[in-house]
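Notes follow the structure.
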Amino acid sequence: MSKSQDASAHQVVVRFAPSPTGFLHIGGARTALFNWLYARRHGGRFLLRIEDTDRERNSPEAVAAILDGLTWLGLEWDGEAVSQFARAPRHRAVAEAMLASGHAYRCYLTQDELAAMREAAERDKRPLTIRSPWRERDAADAPAGKPFAIRLKAPREGETVVVDHVQGRVTFPNKDLDDLIILRSDGNPTYNLAVVVDDHDMGITHVIRGVDHLTNAARQTQIYEAMGWTVPQWAHVPLIHGPDGAKLSKRHGALGVEAYREMGYLPAALRNYLVRLGWSHGDDEIFSTDQMTAWFDTADIGKSAARFDFAKLEALNGHYIRNEPDDRLLAAVADVLPHIAGGTAIAAWLDGGGGAKLAALMPALKERAKTVRDIISGAAFLWADRPLALDDKAMKLLDAEASAVLGTLTSPLGAAPEWTAHALEALVRAFAEEHALKLGKVAQPLRAALTGSSVSPPVFDVMAVLGKAETLARLNDVQQNSAANS
RNA sequence: GCUCCGUUCGUCUAGUGGCCUAGGACACCAGCCUCUCACGUUGGGAACACGGGUUCGAGUCCCGUACGGAGCGCCA
């Protein structure tokens, strides 16, 4: 292990180490992104480790969801994902080695004794620092057969320093740090031990993670030092908060990335939004993946927490949608369809020949969409059943006068020699002029009749995509309806 | 409570002692474009938490206060 590490001593190796207790949430996604960017920037490796040592709270579904989320986001990792649980024997061996070298000791403190210490500290309103009497006791005093945990024999004097790319130099007085347990009485390694051993064995050079791990960095430093291992470079990134400044909750954005996918966000947009949350490169806002990787640096990560802002994500997503090739947008539509009401019916319509129509309208659709779902709702009139349901504004647009205008328009339309947006626009403009009407007086009722709404892509595009027969049929529906009402 | 961290427009941020009468982006408002919406474009309002220092000069350095956050498990 150490040989291969020496050989690659100058190569950057980072990792993303989620615990599979849920989905890949937005904060984790950003941490993964930062690590991925850092590795790519330095031509290093981005490894993945699943922290699944807590058997109760871990599920294969969650692991799959995390891998899916990373893949969708485009954050490919190098090699196989490492299971932390599978490495427990090695963690145990390291704990034993520390015991043997005198850097750790067996602690026979019981849960009851611990609880009493906690209670006493609470009562006296003083900070709780566990001081195990077993630290100094002779091994001969050990009660035979009683369960024990292994605790790190941490230094009591001086301070432990964490030199961090983001947080700067943070010092922790050793007197405030207690002897952390590295091996539980049931023989299982604890988180801090497992992380250090794994990071060391995996040759991790830089640990980029949330600030909630800052104090862990101090404790982990003590383990590295006890083992005589090289401490990795640290970069503790501030957390992402909800719009109200409090911890991100389900209401806000603490959703799994798959939720963003289902809401119709593009991975490139989410990456761009996330990278800009806490990190900056001057006034730049839009980054291609190449630019991100070329410019990303832990030194440019801010120290204060950022709030999650859907409006900005949406604006960014709109930008990416406008610039996305139509065929990929079509694929994105197919991707979200299963997740919306009536989606399967739409998918069937698409497969039954509607796909070509959606594709034809895509340039107009993507111009006004913020999410993939907007594309779908904006195209809904394509597969709507006749006669169309009209919304209130459409209803108002189709008053008696407008209906009459549309009635006289039907015959020139029926005789249209060419059914293209361009030709239709010329035809309708000529018609409006002939009848001394402003174009809007014709176009708006037309839009209402054809789409059932006052808002849509340009009407001439709508007519072209709908086709002559369908257009005339929808206009006829309006005539029927207005006749019935009068 | 203790330890650590933070605080520039509503939000994300630029800013590393003079280039800042504080810049960009999103959002908001108004105009233009226009068959609607959107895009685009032009313009507008909008911030250095507060109080002391240091300095010729402070958003930038120091101290304090307030507010916010994170961590204080035989969880990860």
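First the proteins, then the strands, lettered A, B, ... as listed; each starts at 1. Basis for what follows: all heavy atoms, side chains included, without hydrogens, waters or symmetry-related copies.
Atom C1' of B:rG15 sits at a distance of 10 Å from the matching atom of B:rC48, rounded to the whole Å. For the P atoms, the distance linking B:rG1 with B:rU16 amounts to 37 Å, nearest Å. Taking atom C1' on both nucleotides, B:rC62 is separated from B:rU54 by 7 Å, rounded to a whole Å. For the P atoms, the distance from B:rA27 to B:rG64 is 41 Å, rounded to whole Å.
The side chain of A:Asp309 sits closest to B:rU11 out of B:rC35, B:rA76, B:rU11. Taking every side-chain heavy atom of A:Arg447 into account, B:rC35 is the closest of B:rG71, B:rA14, B:rC35. The nucleotide whose nearest atom lies closest to any side-chain atom of A:Thr215 is, among B:rC12, B:rC35, B:rG71, B:rG71. The A:Gln167 side chain lies nearest to B:rC5 when the options are B:rU11, B:rA76, B:rC5.
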Test A:Val275 against A:Phe34 for side chain to side chain contact (heavy atoms under 4.5 Å, CB included), laying out the working first.
CA-CA 7 Å; A:Val275 80; A:Phe34 281 6; 4.2 Å; yes

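For B:rA76, there is no paired nucleotide, since no Watson-Crick or G-U wobble pair has both relevant distances below 3.5 Å. Pair check for B:rC67 finds B:rG6; Watson-Crick or G-U wobble, both atom distances under 3.5 Å. Remark: B:rA22 base-pairs with no nucleotide; criterion is Watson-Crick or G-U wobble with both hydrogen-bond distances under 3.5 Å.
Between A:Phe310 and A:Tyr265, the ring planes lie tilted relative to each other; the angle falls in the 30° to 60° range.
Under a 4.0 Å N-O distance rule, the pair A:Glu470/A:Arg474 qualifies as a salt bridge.
Using a 4.0 Å heavy-atom distance criterion, A:Leu177 is classed as making no nucleic acid contact. Among the protein residues, A:Ser185 comes within range of the nucleic acid bases, having at least one heavy atom under 4.0 Å from a base atom. Looking at heavy-atom distances under 4.0 Å, A:Glu425 makes no contact with the nucleic acid at all. Residue-level contact check: A:Ser454 touches the bases, meaning some heavy atom is under 4.0 Å from a base atom. If you check every strand for non-hydrogen atoms under 4.0 Å, A:Thr171 touches sugar and phosphate atoms only. Contact annotation for A:Val459: base contact, defined as any heavy-atom pair under 4.0 Å involving a base atom. In this structure, A:Glu51 reaches the sugar-phosphate backbone alone: every heavy-atom distance under 4.0 Å involves primed, P, OP1 or OP2 atoms, never a base. Residue-level contact check: A:Thr53 touches the backbone only, with heavy atoms under 4.0 Å from sugar-phosphate atoms and none from bases. Residue-level contact check: A:Ser456 touches the bases, meaning some heavy atom is under 4.0 Å from a base atom. Within 4.0 Å (heavy atoms only), A:Arg276 reaches at least one base atom of the nucleic acid. If you check every strand for non-hydrogen atoms under 4.0 Å, A:Pro238 touches nothing. Counting non-hydrogen atoms under 4.0 angstrom, A:Asp52 reaches nothing in the nucleic acid.
Atom pair A:Arg118:CZ and B:rC72:C1' shows a separation of 11 Å (rounding to whole Å applied). Atom NE2 in A:His241 sits about 13 Å away from atom C1' in B:rU7, given to the nearest Å. For A:His213 and B:rG69, the NE2 to P distance is 19 Å, given to the nearest whole Å. If you take CZ of A:Phe310 and P of B:rA27, they are 15 Å apart, rounded to a whole angstrom. One can place CG of A:Asp300 at 13 Å from P of B:rU13, the figure rounded to the nearest angstrom.
Side chain to side chain, A:Asp198 and A:His91 meet the donor-acceptor criterion of an N or O pair below 3.5 Å.
On a pure distance criterion of 3.5 Å, a polar donor-acceptor pair joins the side chain of A:Asp283 and the base of B:rG23. Under 3.5 Å, the side chain of A:Lys312 and the base of B:rA27 form no donor-acceptor pair of N or O atoms.
The cationic atom of A:Arg106 (NZ for Lys, CZ for Arg) lies less than 6.0 Å from the six-membered ring centre of A:Phe148 and within 45° of the ring axis.
No donor-acceptor pair closer than 3.5 Å links the side chain of A:Tyr273 to the backbone N or O of A:Phe308.
Near RNA chain B, meaning a heavy atom under 4.0 Å away, the residues from residues 313-324 of chain A are A:Ala315, A:Arg322. Residues from residues 357-373 of chain A that place a heavy atom under 4.0 Å from any atom of RNA chain B, listed by number: A:Glu367, A:Arg368, A:Lys370.
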Please list, pair by pair, any protein nitrogen or oxygen found under 3.5 Å from a nitrogen or oxygen in nucleotides 43-50 of chain B.
none

